[in-house]
Amino acid sequence: QVQLVESGGGLVQPGGSLRLSCTASGFALRNYAIAWFRQAPGKEREGVVCIRSGGGIEYGGSMAGRFIISRYDSENTVTLEMDSLKPEDTAVYFCAKARDSYCSADGWTELFDYDYWGQGTQVTVST
């Protein structure tokens, strides 16, 4: 049974940092790309970053430079380090398993390309 479980969300002040984790089970993590998405109230789900099975990375929007994704296949974990957080980063953050090993440069944010999702973890950036 495939499962993805996010953790590490919480309340942080603007300019602060958080580290999210996605723990995978039920499949061989090393064979698949994993992505982080986020969804703010009243908005569509937005791609944050995707990491290929070989480690290549695609970033969405303005995430590069503030967000760092890493994968630890032997530990079945993918992490998202978020720095210089802004109030507009407030959202529920989800990790998702891609259907294959690759994040395409121009299409990795398509929700259909992911077949399993975690339940999400809330990140709130506020004073």
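Since the model is a prediction, treat every value here as computed from it, not as a measurement.
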For this session: Would you give the length of the straight line joining atom CG of N76 to atom CZ of R71, rounded to the nearest 0.5 angstrom?
Result: 10.0 Å

For this session: Hey, could you give me the OG1/OH distance between T109 and Y114, rounded to the nearest 0.5 Å?
Result: 7.5 Å

Exercise. So, F67 versus W36, ring centres under 6.0 angstrom or not?
Worked result: no

Exercise. Linking I/L/V/M/F/W/Y whenever their side-chain heavy atoms sit closer than 4.5 Å, directly or via other members, would V123 and M63 fall into one cluster?
Worked result: yes

For this session: Kindly work out whether a path of hydrophobic side-chain contacts (I/L/V/M/F/W/Y, heavy atoms less than 4.5 Å apart) joins V2 to L29.
Result: yes

For this session: Check whether any side-chain heavy atom of V125 sits under 4.5 Å from a side-chain heavy atom of Q13, and report yes or no.
Result: no

Problem set entry | Close side-chain approach of E58 and V49, heavy atoms under 4.5 Å | no

Exercise. Can you check whether P87 reaches P14 side chain to side chain, under 4.5 Å on heavy atoms?
Worked result: yes

Problem set entry | Same cluster (ILVMFWY, side-chain, under 4.5 Å), M82 and V92 | no

Exercise. Rounded to the nearest 0.5 Å, how far does CZ of R38 lie from CG of L80?
Worked result: 9.5 Å

Exercise. Just wondering, more than 12 heavy atoms not from E88 lying within 6.0 Å of its CD?
Worked result: yes

Problem set entry | Joint cluster assignment, V48 & I57, ILVMFWY side-chain distance < 4.5 Å | yes

For this session: Check whether any side-chain heavy atom of K97 lies under 4.5 Å from a side-chain heavy atom of Q3, and answer yes or no.
Result: no

Exercise. So, N31 and S53: side-chain donor and acceptor under 3.5 Å apart, yes or no?
Worked result: no

Seminar exercise, completed: Closest non-hydrogen contact found for F112 with R99 is O-NE, 2.6 Å

Exercise. Do C95 and V78 come close enough that some side-chain heavy atom pair is under 4.5 Å?
Worked result: no

Exercise. In Å and rounded to the nearest 0.5 Å, what is the CD to CZ distance from Q39 to F94?
Worked result: 5.5 Å

Exercise. Does some side-chain heavy atom of T90 sit less than 4.5 Å from a side-chain heavy atom of Q122?
Worked result: yes

Exercise. Between C103 and A33, what is the shortest heavy-atom contact and its length?
Worked result: SG-CB, 3.6 Å

Exercise. Under 4.5 Å between side-chain heavy atoms, hopping through other hydrophobics if needed: is there a path connecting F37 to L85?
Worked result: no

Problem set entry | pair Y93-C22: side-chain heavy atoms closer than 4.5 Å | no

Seminar exercise, completed: Closest heavy-atom pair, W108 versus G60, reported as atoms and distance to 0.1 Å, is CZ2-N, 3.5 Å

Exercise. Rounded to the nearest 0.5 Å, how far apart are CG of L111 and CZ of R45?
Worked result: 7.0 Å

Problem set entry | Audit row: L4, W117, side chain to side chain contact (heavy atoms under 4.5 Å, CB included) steps and yes/no | CA-CA 6 Å; L4 298 168; W117 296 77; 5.6 Å; no

Exercise. Quick one: are the ring centres of F27 and Y32 less than 6.0 Å apart?
Worked result: yes

Problem set entry | More than 12 heavy atoms of other groups within 6.0 Å of Y116 OH | no

For this session: State, yes or no, whether a side-chain contact exists between S84 and K86 at a heavy-atom distance under 4.5 Å.
Result: no

Exercise. Between OG1 of T121 and CG of L20, what distance do you get to the nearest 0.5 Å?
Worked result: 6.0 Å

Exercise. Do other residues, nucleotides or ligands put more than 12 heavy atoms under 6.0 Å from R30 CZ?
Worked result: no

